[in-house]
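Fair warning: this is a prediction, and the values are worked out from it, not measured in the lab. All chains are named by letter (A, B, ...) in the order of the sequence lines, taking the proteins before the strands, and each is independently numbered beginning at 1.
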Amino acid sequence: MIHRCIEKRLQAAVSAVVPEADTRRVLVRPCPEPKHGDYQANALMMLARQHRLNPRELAEKVVAALDVSSWCEQVTVAGPGFINFRLSGSALNARLQHVLGSGGSFVEATAEPRTVVIDFSSPNVAKPMHVGHIRSTILGDALARVFRRLGHRVITDNHIGDWGTQFGMLIVGWRTLLNEEALQRDPIAELERLYQAVNHAAKEDGSVRDQARAQLVKLQGGDLENLSIWRRMQALSQSQFDSVYARLGIRFDHTLGESFYNDQLAGVLGELSRAGISEESDGAQVVFFRDHSTLHDKPALIRKSDGAANYCTTDLATLRHRVKQWQADEILYVTDGRQQLHFQQVFAIFGKWHPACAAKLEHVWFGSILGPDGKPFKTREGEVVKLTALLDEAESRALAAVTEKNGELPPTQRIEIARAVGLGALKYADLSNNRQSDYVFDWDKMLSLQGNTAPYLQYACTRVRGIFRRGEMPDTQGATLALAAPQELALAKRLLNFGLVLEMVAAEYRPNYLCSYLYDLAGDFTAFYEACPVLKAPPVERQSRLALCKLTSLVLREGLDLLGIEVPDQM
RNA sequence: GCGCCCGUAGCUCAGCUGGAUAGAGCAGCGGUCUUCUAAACCGCAGGUCGUUGGUUCGAGUCCAACCGGGCGCGCCA
């Protein structure tokens, strides 16, 4: 990547001028304002302050010691000490040509691959997946794709909620109220009905509650009949999950639910207790963080007074497994922001338990999806929105749009387009927001062809494709780039930054950076498309522009693919 | 009581180590199809970045206090 080459030279020049300087923070980034240059460095102003130098003079000395003529036609010092770099046309053309010829890309694999475990989605057995699972599922998948693309070893793990007190209720329901026919027809709905019925009954009748508790104890004690009911529920749920993930194009390397750790929990509790990390309090085992600045008054419960472990314990066992068995360098938990305290506690306990562990633990949290009223997204009836219903509606709304705009296409093709557009729109709506923000769910906005949406980007792809469909498929492989028009240059320069953007996504776990980038890229392409004829251009421009289109198409498609979004050939 | 998050244009949202004149879409107003997909594009208008202080060459971004809203805090996960 060119900016990295410039950066290395710049760091060397800084070291030559100020030998004691720490150059790790001397970075070269794209200029937000193209009129200043293509890349800029503003770290010298900070450096000057640290070393009590005049920033402007320092910048000028560094520039004097800097040779980046292989890539830049101009290097200037501006304002209080910005260094601005203007790429030379020849370097730009050469870089694009190289990517084209090598069949390579604008992404550079990391020099330091890490093992990154990503925990996301995590639905519950016997419950339908709902809108609450969508952000985790989509964000986690996109992050997994980006980390893989950067050359990291990624392990995705679906930590399913397949164990817990709800199974007492469910087993009572299964034993007393099960309708086999309904179970055949819609297993999850039937399981949900059982749970609700028993839960309702338990509220009024203490003996039902006692039954549920008794069945739970039997299950936990290894009762064969209850175990087999539980396994049946698990299998039914898994097939529901599988069908949703298949629709979304998502796969997991592992699906190790909470139950996988059952036989490790006693050991975990024993170790924590023996190490003096946990202590008894009101009959429960609790970890206190007495010296901790924010957790000092927030103890964590790891074993209930009835002797049962809870999700804190399970998460500790899970964490140990990931660190020990998978040798994780980095573990990402993609969950709702409301679990921040929980993960702070889990990470803090793990730190006491395995002080030598250097794995980076990150709670990649996200905000809520809101309805038009600004309150948590619900159906008109006030119920949670089921994920399958959401996917269905996305596809049917997209189908209506495709039919309206392109009704002459055969129905099967329209359905296929609608699938890609509808699901793409849904995913993109989530990914394009800053994950930590709450956002308002709006069908019209996400399916719009205007603005920062998936359909707009997909449409940009089909426009590029349209050029190739119209003309004969040209040999862009050996094309000579001869970019000249400002729109061509702007587009080409944007392409160069693709890899950098992916690195930013991975560094902060924020796919919305990629979305913004793709939207800007599509905007650059549109400007080019409006201003520069391709097929009708004279031969030299024509092949150069075809090559530029080819590269744009590659980046747009790969970028969308990294977000888990498909691109139809036509729209 | 303790802690986390949010407050940017009428609405929905971006805003990358603090960096140059705070951006986009919608809605509003005005333009552009004999020309590679107009499901598109161009232009205009729209802002005391919640308030007040502080840090500094420079603050939407960092710090403090306050106002307004959301969420979490030992036997659910």
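- Using a 90° window around 0 for the glycosidic torsion, G74(B) falls inside it and is classed as syn.
- If you take atom C1' in A9(B) and the same atom in U32(B), they sit 26 Å apart, rounded to whole Å.
- Taking the side chain to side chain contact (heavy atoms under 4.5 Å, CB included) definition, one finds that E7(A) meets it with H3(A), R4(A), Q11(A), L27(A), V28(A), R29(A), sequence neighbours left out.
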Exercise. For nucleotides 62-77 of chain B, read 5' to 3', which letter fits each nucleotide if B means a protein heavy atom sits under 4.0 Å from the base, S means only the sugar-phosphate is that close, and - means neither?
Worked result: ---------SBBBBSB
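- In this view, H130(A) and H133(A), V384(A) satisfy the side chain to side chain contact (heavy atoms under 4.5 Å, CB included) rule, not counting sequence neighbours.
- With sequence neighbours excluded, the residues that form a side chain to side chain contact (heavy atoms under 4.5 Å, CB included) with I277(A) are L272(A), A275(A), V287(A), I349(A), K352(A), W353(A).
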Dump the pairs, protein N or O against N or O of nucleotides 56-61 of chain B, anything under 3.5 Å, distances to one decimal.
from, atom 1, to, atom 2, distance (Å)
C57(B), N4, R49(A), NH2, 3.2
G58(B), O6, R49(A), NH2, 2.5

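- Stacking between F82(A) and G19(B) is absent: the ring centroid is not both under 5.5 Å from the six-membered base ring centre and under 30° in plane angle.
- Going from the P atom of A20(B) to that of G15(B) covers 15 Å, rounded to whole Å.
- You'll find the ring centres of Y333(A) and F347(A) inside the 6.0 Å limit.
- Residues P32(A) and C532(A) each lie close to RNA chain B; by heavy-atom proximity, the contact nearer the 5' end of the strand is made by P32(A).
- Here, A24(B) and A65(B) have their P atoms 36 Å apart, quoted to the whole Å.
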Seminar exercise, completed: Protein heavy-atom contacts under 4.0 Å, written 5' to 3' over nucleotides 38-45 of chain B as B (base), S (sugar-phosphate only) or - (none), form the string SBSS----
